[in-house]
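Source: prediction; values computed, not measured. When reading the values below, keep in mind they use all heavy atoms of this one structure, side chains included, and skip hydrogens, waters and symmetry mates.
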Amino acid sequence: MPKQRKKRQRKPRTDEQKALKKIRELSPCHVVEVELHVMPEQAIKLRRIQEHLRVIRNTVLSDLKKRDDQMARTKTYKNLQKDSQALPQGL
């Protein structure tokens with residue numbers, strides 16, 4: 001007799017998740033792929049530029065994450081979070 005699998009129960013969505021879903025439905029997102037015919041020298045140059053952009057992107061993201069983590073550890077931030085939770089919803 002085959003083993004029966006339990007159905008996965010989903011957690012109910014929060015109001016924030018519902019709002020984010022509405023925003024995603026309203027904002028279109030499209031990906032366009034265009035094949036480029038380039039000469040080998042141009043391909044090398046493009047790869048070099050892509051690598052520089054990747055390094056810049058990773059540097060900026062790591063710096064932002066560090067600053068965000070540091071901000072979240074401050075007393076001021078924690079107090080502001082408590083105060084904002086005490087506000088009535090819908091403001």
Side-chain angles (χ1 to χ4, degrees):
M1 182 173 198
K3 202 179 207 183
Q4 288 188 356
R5 297 174 81 184
K6 290 184 181 178
K7 281 194 172 182
R8 189 176 125 219
Q9 290 186 358
R10 296 180 185 227
K11 294 179 185 176
R13 290 191 175 162
T14 63
D15 292 335
E16 183 180 348
Q17 289 172 330
K18 290 176 185 176
L20 283 174
K21 185 178 179 185
K22 286 179 185 177
I23 291 170
R24 284 190 201 109
E25 288 172 354
L26 294 174
S27 58
C29 180
H30 303 284
V31 177
V32 178
E33 287 188 27
V34 179
E35 186 175 338
L36 296 176
H37 298 285
V38 295
M39 297 185 324
E41 304 85 33
Q42 291 173 325
I44 292 169
K45 191 172 183 178
L46 283 173
R47 281 192 210 102
R48 196 177 309 134
I49 291 170
Q50 282 179 323
E51 179 63 20
H52 289 310
L53 291 174
R54 186 189 66 79
V55 169
I56 291 169
R57 177 183 170 271
N58 288 343
T59 304
V60 169
L61 286 176
S62 69
D63 191 38
L64 285 173
K65 180 157 178 25
K66 261 190 256 179
R67 290 177 185 208
D68 185 56
D69 291 344
Q70 185 179 8
M71 179 187 67
R73 287 192 302 264
T74 62
K75 274 187 180 179
T76 307
Y77 179 80
K78 290 177 183 176
N79 289 337
L80 286 172
Q81 271 190 324
K82 287 178 189 174
D83 293 343
S84 69
Q85 289 173 355
L87 290 173
Q89 295 294 324
L91 283 180

How long is the span from the [atom1] atom in [X] to the [atom2] atom in [Y], to the nearest 0.5 Å?
X   : Y   : atom1 : atom2 : answer
L80 : K82 : CG    : NZ    : 11.0 Å
L20 : T14 : CG    : OG1   : 8.0 Å
I56 : E51 : CD1   : CD    : 10.5 Å
Q42 : H37 : CD    : NE2   : 12.5 Å
L26 : K22 : CG    : NZ    : 9.5 Å

message: Around atom CD of Q17, are there more than 12 heavy atoms from other residues, nucleotides or ligands closer than 6.0 Å?
response: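 Yes, enclosed.
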task: Determine the sole option in K66, K65, R73 for which the salt bridge (Lys or Arg N to Asp or Glu O under 4.0 Å) test with D69 is passed.
output: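 So the option named by the test is K65.
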Taking every non-hydrogen atom, the tightest pair across V55 and T59: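 Where V55 meets T59 most closely, the heavy atoms are O-OG1, 2.7 Å.
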message: Using the side chain to side chain contact (heavy atoms under 4.5 Å, CB included) criterion, which residues pair with E25? Sequence neighbours excluded.
response: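 Residues passing side chain to side chain contact (heavy atoms under 4.5 Å, CB included) with E25: K21.
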- request: For R47, check side chain to side chain contact (heavy atoms under 4.5 Å, CB included) against everything at least two apart and list the hits.
  value: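 By the side chain to side chain contact (heavy atoms under 4.5 Å, CB included) rule, R47 matches A43, I44, Q50.
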